[in-house]
Amino acid sequence: MRIAVLASGGNSPAMNNAVITLAKSAKLNKIDIKLIFNGFQGLLEHKFTDADIRYLEEFTSRGNVVIGTSRSKEFMKLEAKHKAIKILKKEKIDVLVVIGGDGSYRGATELSKLGVKVMTLPGTIDNDISSTNSTIGFYTCLDVIVQSIDRLRDSFDSHSGICFVEVMGRGFSDLAIQAGIATNAEIIVTKENVLKASDFIRIANETKQNKKRSCIFVITEKIYGKNGLPTLDEIAEEVERKTNRVCRVNVIGHSQRGGVPAAIDRYWASMMANHCIKCIKAGRLNRAIGEERRELVDMDILDAVNLPKKHNRTTLAHEFEKINRI
């Protein structure tokens with residue numbers, strides 16, 4: 001049997017640990033393995049290589065992904081998928097393993113509908129895959145955010161200032177909510193909890209009355225500056241003008257995706273990868289691998305992508321906002 005592995009979408013810390021364990025576990029189970037560089041785009045460009053385990057091990061503690069990743073608009077076309085299938089057949093690939101997020105899962109699912117045997121591992125910092133409780137890379141990203149906010153709190157305590165901190169997560173706000181709870185943020189903004197400048201001003205004044213020196217507002221990305229809403233910079237200018245306090249916007253950005261992967265992400269990446277190989281060996285194919293209640297799980301990929309979307313725990317965010325403003 002021969003399998004191929006690719007990573008797709010945005011990079012996610014500990015993807016390397018998944019790739020390393022896939023290579024080692026495959027060898028242990030006498031399964032031939034090929035690596036594909038740069039995701040589905042690399043598949044279309046026929047970028048295959050053998051897995052050099054000793055080389056891969058050098059990336060155990062790196063937050064990048066050694067085989068690269070990409071977002072491929074070309075792969076969305078039906079003719080591109082048929083091209084990919086021809087390449088997989090030419091390379092005599094029996095199973096394609098895809099590490100990635102929601103879009104990657106859907107790409108793998110489309111291939112499975114066309115007859116390709118696939119397996120998926122949840123590699124995304126957003127933690128928005130419904131078939132798993134936690135995703136590879138989420139906790140590393142969360143740690144980076146928390147450490148960044150801790151530093152910002154030090155600075156803005158010194159100036160009795162206000163800081164808007166924008167974090168990644170897109171439509172799903174687990175990063176913002178968990179980081180906000182962990183750092184005592186006074187506001188946690190999700191797409192269900194979009195505030196106006198007047199709201200930020202009111203809460204800044206309220207916390208000042210409670211003798212808090214600073215305010216940290218954690219904001220999920222891609223909310224402000226669109227759909228008729230002002231940008232965060234515009235809101236910050238108004239808040240500074242009305243409160244007469246230092247007010248700044250800090251976008252943590254892509255540093256959230258890098259750095260040394262957290263132990264818990266490495267652990268689950270390795271566990272999920274090994275479980276993936278076990279499923280392949282047993283003939284359990286077209287499965288989405290995940291974790292629920294600290295146990296490994298797998299389900300049919302079609303069922304996985306059709307699960308209801310995870311909901312933002314906005315009620316939890318509101319509960320801790322009230323606590324954090326005291």
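Keep in mind that the numbers below use all heavy atoms, side chains included, and drop hydrogens, waters and symmetry copies.
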Basic-acidic side-chain contact under 4.0 Å: Glu321, Arg325: yes

side-chain contact (heavy atoms from CB on, under 4.5 Å), paired with Leu121, selected from Ile129, Leu22, Thr135, Val98: Leu22

Kindly check if the number of other-residue, nucleotide or ligand heavy atoms within 6.0 Å of NE2 (His318) is above 12? yes

Six-ring centre of Phe172, Lys309 cation under 6.0 angstrom, axis tolerance 45°: no

I need the Glu206 CD to Ile326 CD1 distance, nearest 0.5 Å. 9.0 Å

Distance-only donor-acceptor check, side chains Ser160 and Arg213, under 3.5 Å: yes

Among Lys92, Lys27, Arg2, exactly one meets salt bridge (charged side-chain N to carboxylate O under 4.0 Å, His left out) together with Asp32. Which residue is that? Arg2

Taking the side chain as every heavy atom from C-beta outward, state whether Phe156 and Ile162 have any atom pair closer than 4.5 Å. no

State, to 0.1 Å, how close Ala26 and Ile3 come at their nearest heavy-atom pair, and which atoms those are. CB-CD1, 4.5 Å

Could you tell me if Thr314 and Asn193 have a donor-acceptor pair between their side chains, going purely by distance under 3.5 Å? no

State, without any angle test, whether Asn64 and Asn16 hold a side-chain donor-acceptor pair at a distance under 3.5 Å. yes

Heavy-atom closest contact (Glu186 atom, Asn324 atom, distance): OE2-O, 4.0 Å

Taking the hydrophobic residues Ile, Leu, Val, Met, Phe, Trp and Tyr, and joining any pair whose side-chain heavy atoms are under 4.5 Å apart, which ones share a cluster with Ile177? Ile181, Ile188, Leu316, Phe320, Ile323

Considering only NZ, NE, NH1 and NH2 on the basic side and carboxylate oxygens on the acidic side, decide whether Arg284 and Asp298 come within less than 4.0 Å. yes

4.5 Å side-chain heavy-atom contact, Val95 and Leu285: yes

Calculate, to the nearest 0.5 Å, the distance between atoms CD and CZ belonging to Glu192 and Arg313 respectively. 12.5 Å

How close do Ala204 and Cys215 get, heavy atom to heavy atom, and via which atoms? CA-SG, 3.8 Å

Can Arg153 and Ser214 be said to form a side chain to side chain donor-acceptor pair (under 3.5 Å), step by step? CA-CA 7 Å; Arg153 180 72 81 175; Ser214 64; 3.0 Å; yes

If you round to the nearest 0.5 Å, how far is CG of Asn274 from CG of Leu296? 8.5 Å

Do Arg170 and Asp126 pass the salt bridge (charged side-chain N to carboxylate O under 4.0 Å, His left out) test, and can you show the C-alpha distance, the side-chain angles, and the key distance before you say yes or no? CA-CA 7 Å; Arg170 295 188 293 179; Asp126 298 335; 3.2 Å; yes

Taking all non-hydrogen atoms of both residues into account, name the closest pair between Leu43 and Ala84 and its distance. CD2-CB, 3.7 Å

Would you indicate whether the side-chain heavy atoms of Glu57 and Lys24 approach each other to under 4.5 Å? yes

Of all heavy-atom pairs between Thr220 and Val189, which one has the smallest distance, and what is that distance? OG1-O, 2.8 Å

Check: Val218 and Val167 side chains under 4.5 Å, non-hydrogen atoms: yes

Non-hydrogen side-chain atoms of Ile136 and Thr124 separated by less than 4.5 Å: no

Could you walk me through whether Ile219 and Val165 pass the side-chain contact (heavy atoms from CB on, under 4.5 Å) check? CA-CA 6 Å; Ile219 317 292; Val165 184; over 6 Å; no

Determine whether more than 12 heavy atoms belonging to other residues, nucleotides or ligands lie under 6.0 Å from atom CG of Asp154. yes

State, with a plain yes or no, whether a side-chain heavy atom of Ile31 is found less than 4.5 Å away from one of Ile280. yes

Using 0.5 Å steps for rounding, measure from the OG atom of Ser112 to the CE atom of Met119. 12.0 Å

Counting only heavy atoms not in Lys278 (residues, nucleotides, ligands), do more than 12 fall under 6.0 Å from its NZ? no

Backbone N or O of Arg266 within a donor-acceptor pair of the Asn17 side chain at under 3.5 Å? no

Say whether Glu79 and His82, considering side chains only, have a donor N or O and an acceptor N or O under 3.5 Å apart. no

Within the side chain of Gln256, is there an N or O that forms a donor-acceptor pair under 3.5 Å with the backbone of Leu142? no

His46 NE2 to Lys86 NZ distance, which is reported to the nearest 0.5 Å: 13.5 Å

Looking at Ser270 and Thr21, would you say the former's side chain and the latter's main chain have a donor-acceptor pair under 3.5 Å? no

Would you say Arg287 and Ile301 make side-chain contact, with heavy atoms under 4.5 Å? no

Close side-chain approach of Arg248 to Glu240, heavy-atom, < 4.5 Å: yes

If you count heavy atoms of other groups shown closer than 6.0 angstrom to NZ of Lys208, is the number above 12? no

Quick one: pull up OG1 in Thr49 and OH in Tyr55 and give me the separation to the nearest 0.5 Å. 9.5 Å

Shortest non-hydrogen contact from Lys191 to Ile223? N-CD1, 3.6 Å

Can a side-chain donor-acceptor contact be found between Thr132 and Glu291 if the only test is distance below 3.5 angstrom? no

Tell me whether Ser72 contacts the main-chain N or O of Phe40 through its side chain, where contact means a donor paired with an acceptor under 3.5 Å. no

Quick one: which of Ile99, Val97, Leu96 gives a side-chain contact (heavy atoms from CB on, under 4.5 Å) with Leu6? Leu96

Plane angle bin for Phe217 and Phe164 - parallel if under 30°, tilted between 30 and 60°, otherwise perpendicular: perpendicular

Distance flag, aromatic centroids of Phe48 and Phe37, threshold under 6.0 Å: no

For residues Ser104 and Ser8, is any side-chain donor paired with an opposing acceptor at under 3.5 Å? yes

